[in-house]
Amino acid sequence: MSFFYNIESTWLSLKHHAFRSLLAMLGVVLGVAAVVGMLAVSEGARVESIERIQRQGVDNIILHSEEPQANQTGGETIYFYGITREDIDHFRTVFDNVKKVVPIVELRKTIYANGKPTDVILMGAAPEFLALSRSKNADPRGRWISESDGALASQVCSVGVDAARQLFGLEDPLGKTVSVYGATFEVVGLIENPLKSKLAGKYDINNLVYVNYETLLSIFNRDALNVEADYVYVQVENLAYLKNTADRVRTYLNETHELPDYTISVPYELLLAEQATQRIFSVVMGSIAAISLLVGGIGIMNIMLANIYERTKEIGTLRALGAQRRTILTQFLFEAVTLTGLGGILGVLIGFLIAVLIKYTAGMPTIVTPGSVIVALAVSILTGIIFGTNPAWKAANLSPIEALRR
Amino acid sequence: MSLIQLQGISRVYGSGPAAVHALRPTDLSVEEGTFVAIFGASGSGKSTMLNMLGLLDEPTSGNYLLEGRNVAKLSDADRSDIRCRKIGIIFQSFNLFSHFSILENVCMPMRFAGVPRHEMHERAAELLDRVGLGSRLAHSPSQLSGGQCQRVAIARALANRPAVLLADEPTGNLDEKTGDEIIGIFHELVAEGHTVVMVTHNAEYEKEVQRIIELHDGNVVRQ
Ligand SMILES: Nc1ncnc2c1ncn2[C@@H]1O[C@H](COP(=O)(O)OP(=O)(O)O)[C@@H](O)[C@H]1O
Ligand SMILES: [Mg+2]
């Protein structure tokens, strides 16, 4: 029997029972639509959270200095706390699997530009921060802060593109100065972070002013700073040993710091945790999908049995004219698979719509992946095969004479 | 050699005291190119015998030689193949496929026989032309009268050039005049060398046929 005949006969049969066929498909349509829609939401959430984590750099261990709470200090006010230069030197010199240690210190003082106070924040950063944060020089005439700026305590700064706009508006920032807490810094460069990443997940990198870390520490003393570093990025050589290195950092800090005046965040561990959560989510989604498709499959089985009951005489006639059992089997299986396949396609389209709707009404990111579409379609077709086989088998095994008697 | 030879063919429905002997052991032969009518009262076993001949049913006992080959105990696949190529069946209520055109209806047995598409359509059109429906190939059965439907069914039965045409009360659903037309077509076919076995209980047709088989309570009482 030709494939063409199967298509034609299926088409005629579905057309003949258009409404009933549509009802039968409904279960599969809704099941697939729900699966595609929900997978789009979870994929959107996954990609967003992974991107957010990756923007902090997966190969980093990020240390934050934290002011100890009064209940942890026994009521004493601590003026000086956090990660120290000694810690930083230790990581640099004693630890292996450490590529760079990049300290950053925040000067919590108002920056003045053109004599006016601004909201822009000044950071003392080690020169490696540029490469580490995957930022780049935004103006070829300028430069990023250098090692020698630190050695010479040069009072120069490099500004993020957004910070430059806040400080100087449309004017050329290069050569301008900013003053903060009695010190003046000349702007020597402009930088941009194309990923629009955040420093320690908190400050927009494009909206900061950067002075060499060493310069900042040598200019400002303890009345301006109560930490030696607010953030320290420890970048590892080999991602495979990151967990080990992070554990050693934890142990070291635990042993050397009396008070819990720091926290550690490891984006890579967050990423792994996120992926684990995602896997659980996928399993839950998969189960929902399985149930809804099961319901859809039962609908299909139902309609196929009704079809066969109704068309018993037709089946008998086909057999009397010489149709083989397998011809009948293929024809009904083909019908079932067509029903679920069409249901699957319709479901995918509706799922797309759901994804778009959620994106624009709920503002959640949604991503329909080719994988989810392929899986949804494959499962629909499989549903047709699984639930169509029994009715088709029944049809094929009707005795011709019994079938004709109807 | 006879086209059809039944040797001790019988059919019993059910078993034990409730068993119905629809056809008692029968010996019978049909020669090629004859027009045979099976007569008998309702329930006498006419359809049972025709179903045996058409391989739609399996005998309880006996042999059935079709063109010398014993087809009584073949597999379902082989029986289907013989139905497809050797037997043309015509029903009382036509049994056309209502959602296909009459051309497609006539094509159906040729599809099962694997006839190439082009050849199939050509032959189907030819056959419909010969039963006087050449101008209505695309029509659906519901657009035709009963007599025309039965003509389509005859064309369909002839599609694979079968060895024998079997018809179970082919005029049962038709008025007298239309029924006579159908019998006329059978006459033409027999004249061309076809073999036709027809079940009827219309005594009028006794004089039309070359051979009469009469059944009574599952027994052949005249042949
Ligand atoms: N499937 C069946 N089960 C039981 N009895 C049957 C079956 N088919 C036919 N019979 C019986 O077999 C006998 C012959 O039936 P049938 O060949 O249909 O008669 P006819 O065609 O001459 O009217 C009848 O008594 C009928 O009731
Ligand atoms: Mg009968």
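Throughout, protein chains are lettered first and strands after them, A, B, ... in sequence-line order, and every chain is numbered starting at 1.
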query: Which bit of B:Arg156 comes within less than 4.5 Å of chain A, counting heavy atoms only: side chain, backbone, both or neither?
result: side chain
task: Below 4.5 Å from any heavy atom of chain A, which atoms of B:Glu104 appear? Answer side chain, backbone, both or neither.
output: side chain
message: Run B:Ser140 and B:Ser101 through side-chain contact (heavy atoms from CB on, under 4.5 Å) and show every step you take.
response: CA-CA 4 Å; B:Ser140 100; B:Ser101 69; 5.9 Å; no
message: For B:Tyr13, is the OH atom crowded, meaning more than 12 foreign heavy atoms sit under 6.0 Å from it?
response: yes
- prompt: When only pairs under 4.5 Å are counted, which of A:Pro400, A:Gly316, A:Ala323 shares the most heavy-atom pairs with chain B?
  reply: A:Ala323
field: Carboxylate-amine/guanidinium contact B:Lys73 B:Glu58, below 4.0 Å
entry: no
message: Test salt bridge (charged side-chain N to carboxylate O under 4.0 Å, His left out) on A:Glu274 and A:Arg46; report intermediate values, then the result.
response: CA-CA 8 Å; A:Glu274 190 71 39; A:Arg46 188 183 74 90; over 6 Å; no
- prompt: Between B:Ile82, B:Leu96, B:Asn51, B:Ile87, which shows the greatest number of heavy-atom pairs under 4.5 Å with chain A?
  reply: B:Asn51
query: Under 3.5 Å, is there a donor-acceptor pair between the side chain of B:Arg83 and the main chain of B:Leu55?
result: yes
query: So what's closer than 4.5 Å to chain B heavy atoms on A:Leu404: side chain, backbone, both or neither?
result: side chain
